[in-house]
Amino acid sequence: MSSRLRHLTTLEHLPRETIERLLDRAESMREGCAHGTRKLDMLSGRTILNLFFEPSTRTRTSFELAARRLSADVINFDIGFSSTSKGEALFDTLHTLEAMHLDAIVVRHKVSGTPEELVRHAMSGVSVINAGDGNRAHPTQGLLDVLTIRQHRPDFKQLTVVICGDVKHSRVARSDVHALKAMGVKEIRLCSPRALMPEESEFPGCVITDDFDAAIEGADVVIMLRLQKERMAVTDLPDEAAYFQRYGLDNPRLARAAKGALVMHPGPLNRGIEIAPEVADGPQSRILEQVGNGVFVRMAVLAEVLGR
Ligand code: CP
C-alpha cells in the first residue's frame, strides 16, 4: 500500500494506487455525507487556513465547505486586509499564522513552486495543500476531473481525452495530464493555437496539435480551458471571435467526438469564447458535476493529510 500523503503539492509522480485511494475516499465521503448535507466528525479540533493570493470561486469555497463538513475550524485569510499588503514577506506571514497553531495550509499563489517553498519553511506537523500555483499544478482539480470521468467512463485504458485551449498557461492541463497518465488512459491530445502551445518536452507521450477539428474526432472526453489572460503576453492574446471559430466548442464540433462524449471545463467559463452556451448547459456537460465533486475530493485530501 502506498504511504499516506503529508502534503499535496502536485500529482506528478503520484502512483495510481494513491490517486485511486483518494478517489475512493471522495466517493465514500459523498455517501457518508448523504450527498453533502451531513457533517462528519473526522477533523474536529483541527484548524485549516485558506491562504489565497489569487482570486478563486470554486476552489476556495469547496475547500472551506470540505473542511467544515469534516468539522475542522477554517480561517479564510483575507490578503487584501492583511499585512501582506503592507509588504510583509510570505514566510513572515506564514510563521505569524503558524504561531496560532495551524494544522494545514491551503495555498494558491501566482508564483509556480510556492507550495513547495511553504513545505520547506512550514513548521513540522503543518500540512500544505496546493490550490493552484502559477501555470504548474492544480492537484485537487486534476483529482476531481478524473473522479468525474471515472463516474461515467471507468475503463480509462479505452479513453481518448482531448484538452483544448490555453494549454501553455494552464496548471489544470498539467495536473489533468499527470492524473490521466497515472490512470492509464489510451491517448491524450492537447490542442491550442501555436502561440498558446506548451513545449512538447513538457508533455511526453501526448499528441500536440493546433487543429481542433482533427483533435476532437472520436474523443471520449473533451476538456475545455479558458484563455488565461492574466498569465499571457499581450501579443499572445487572440481575437476572441476568431478564436471561437477555430477553438470554440459548439454543437457541430462536439458531434465529431465519440457519441455521448463528456464535456468538461474547470471554470471559470467564458461563454462564446471557448465554449458555446448551448454546450456548456447541454446534456453532455459535466461541468457542474465537476464542481460538486470538488467538495468530496477536497474532503478526501484533507482527511488524507490530517488523518490521525
Ligand atoms: N477551477 C478553479 O480553480 O476555479 P477557481 O479559480 O474559481 O477556484
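Side chains are part of it too, since the values below use all heavy atoms of this structure and drop only hydrogens, waters and symmetry mates. In listed order, ligands and their atoms are each counted from 1. These figures come from a predicted structure and were not determined experimentally.
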- Looking at P266, which atoms of ligand 1 are within less than 4.0 Å of one of its heavy atoms?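 Near P266, meaning under 4.0 Å from one of its heavy atoms, ligand 1 has 1 (N), 2 (C).
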
- Crowded around R194 CZ? As in, over 12 foreign heavy atoms under 6.0 Å?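 Incorrect, the count does not exceed 12.
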
- Query: How far apart are the C-alpha atoms of E289 and H152, what are their side-chain angles, what is the distance that settles it, and do they pass the side-chain contact (heavy atoms from CB on, under 4.5 Å) test?
  - Reply: CA-CA 11 Å; E289 290 176 35; H152 294 274; 2.6 Å; yes

Just by modelled atom types, is the [Y] backbone N or O under 3.5 Å from a matching donor or acceptor in the [X] side chain?
X    : Y    : answer
R136 : T114 : no
H109 : F53  : no
T61  : R58  : no

To the nearest 0.1 Å, how far is [atom] from its closest protein heavy atom, and which atom is that?
atom                   : result
atom 4 (O) of ligand 1 : R58 NE, 3.0 Å
atom 7 (O) of ligand 1 : T57 N, 2.8 Å
atom 2 (C) of ligand 1 : T59 OG1, 3.5 Å
atom 6 (O) of ligand 1 : R108 NH1, 2.9 Å

- Task: Look only at interatomic distance and state if R60 has a nitrogen or oxygen under 3.5 Å from any nitrogen or oxygen of ligand 1.
- Result: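 Min N/O separation from ligand 1 is not below 3.5 Å for R60.
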
- Task: For S175 and P139, work out which heavy atoms get closest and say how close.
- Result: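 Closest heavy-atom pair between S175 and P139: OG-N, 3.6 Å.
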
- Item | contact_flag G132 ligand 1 heavy-atom lt 4.0 Å |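 Contact absent.
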
